[in-house]
> 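Input: one structure, supplied below.
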Amino acid sequence: QVQLQESGPGLVKPSQTLSLTCTVSGGSITTNYYYWSWIRQPPGKGLEWIGAISYIGSTYYSPSLKSRTSISRDTSKNQFTLRLSSVTPEDTAVYYCARRRGAPDTTVVVTTDYDYWGQGTQVTVSS
């Protein structure tokens, strides 16, 4: 059984960089043909797709966040990482990592496209 767990600071100051790591167990992040994704949910709003990294290391980003988003991976640790720069209070959300089968083809989050999810971690942007 695949398990994902998010980790990182719960509080980030405006203008700083948000950094979260997803640790995967029970399966390899290099396994064909899975895509390892970041999704967030601001308070009172729906799920927003941020981006993903593929089983071969290709990256994909939401156009609205691309300029300040970077996703990377460490295959030796079976981890992938989200970095979101220049954060503002509008970036406050619960952040999830999740596994998707097949390449992302839309920015709309269809929950059934993701077979495993982390529990989510609250990140607050505040001074």
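Index from 1, following the sequence.
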> Quick one: side chain to side chain donor-acceptor pair (under 3.5 Å) pairs with a partner in residues 46-59, sequence neighbours left out?
R40-E48
> Hey, are T30 and S28 close enough side-chain-wise for a donor-acceptor pair under 3.5 Å?
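There is such a pair between these side chains.
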> I'd like to know if L20 and Y61 are part of one continuous hydrophobic network [Ile/Leu/Val/Met/Phe/Trp/Tyr, side-chain heavy atoms within less than 4.5 Å].
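Yes, same cluster.
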> Is there a continuous path of hydrophobic side-chain contacts, each under 4.5 Å between heavy atoms, that joins V12 to I71?
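Yes, V12 and I71 fall within the same hydrophobic cluster.
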> At what distance, to the nearest 0.5 angstrom, does CG of L82 lie from CD1 of I53?
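These two atoms lie 11.0 Å from each other.
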> So, do V123 and D91 sit near enough that their side-chain heavy atoms are less than 4.5 Å apart?
no
> For A98 and Y114, which heavy atoms make the closest approach, and how far apart are they?
CB-CD2, 3.8 Å
> Of all heavy-atom pairs between T107 and P63, which one has the smallest distance, and what is that distance?
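The pair with the smallest heavy-atom distance is CG2-CD, 3.8 Å.
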> I'd like to check S126 versus T92 (side-chain heavy atoms, cut-off strictly below 4.5 Å). Are they in contact?
no
> Who passes side chain to side chain donor-acceptor pair (under 3.5 Å) against T21, sequence neighbours left out?
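Here the qualifying residues are T81.
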> How far does CD of Q16 sit from OG of S86, to the nearest 0.5 angstrom?
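Between Q16 CD and S86 OG, I get 10.5 Å after rounding to 0.5 Å.
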> Could you report the tightest heavy-atom contact between T23 and Q79, atom names first, then the distance?
OG1-NE2, 3.0 Å
> Does a side-chain heavy-atom distance below 4.5 Å link P14 with T88?
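They are not in contact (no side-chain heavy atoms under 4.5 Å apart), so the answer is no.
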> Same cluster for Y35 and L4 if Ile/Leu/Val/Met/Phe/Trp/Tyr side chains link at under 4.5 Å?
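They do not share one cluster, since no chain of ILVMFWY contacts under 4.5 Å joins Y35 to L4.
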> How many angstroms lie between OH in Y60 and CG in D105, if you round to the nearest 0.5 Å?
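One gets 11.0 Å once the value is rounded to the nearest 0.5 Å.
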> What I'd like to find out is whether the side chain of R101 reaches to under 4.5 Å of the side chain of Y33, using heavy atoms alone.
yes
> Heavy-atom distance under 4.5 Å between the side chains of S72 and R83, does that happen here?
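They are in contact (side-chain heavy atoms under 4.5 Å apart), so the answer is yes.
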> What pair of heavy atoms forms the shortest contact from S19 to P9, and how long is it?
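Of all heavy-atom pairs spanning S19 and P9, the closest is O-CD, 3.6 Å.
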> Can you tell me how far the OG1 atom of T112 sits from the CZ atom of R100, to the nearest 0.5 Å?
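It comes to 9.5 Å.
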> Can you see which heavy atom on E6 is nearest to which on W38, and at what distance?
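Closest approach of E6 to W38: CG-CZ3, 4.0 Å.
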> To the nearest 0.5 Å, tell me how far N78 CG sits from I29 CD1.
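Separation between the atoms: 5.0 Å.
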> Looking only at heavy atoms, which two atoms of W117 and I39 are closest? And how far apart?
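Looking at all heavy atoms of both residues, the shortest contact is CH2-CD1, 3.7 Å.
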> Give a yes or no answer on whether the side chain of W36 reaches the backbone of F80 with a donor-acceptor pair at less than 3.5 Å.
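Between the backbone of F80 and the side chain of W36 there is no qualifying donor-acceptor contact (under 3.5 Å).
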> Applying side chain to side chain contact (heavy atoms under 4.5 Å, CB included) to T17 and S85, what does each step give before you reach the verdict?
CA-CA 4 Å; T17 296; S85 66; 3.8 Å; yes
> Please round to the nearest 0.5 Å and tell me the distance separating atom OH of Y96 and atom CG of L47.
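Rounded to the nearest 0.5 Å, the OH-CG separation comes to 7.0 Å.
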> Can any side-chain N or O of R99 pair as donor or acceptor with the backbone N or O of D115 at less than 3.5 Å?
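The answer is no, because no donor-acceptor pair under 3.5 Å joins these two groups.
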> List for me each residue that meets side chain to side chain donor-acceptor pair (under 3.5 Å) alongside S76, sequence neighbours excluded, and say none if there are none.
D74
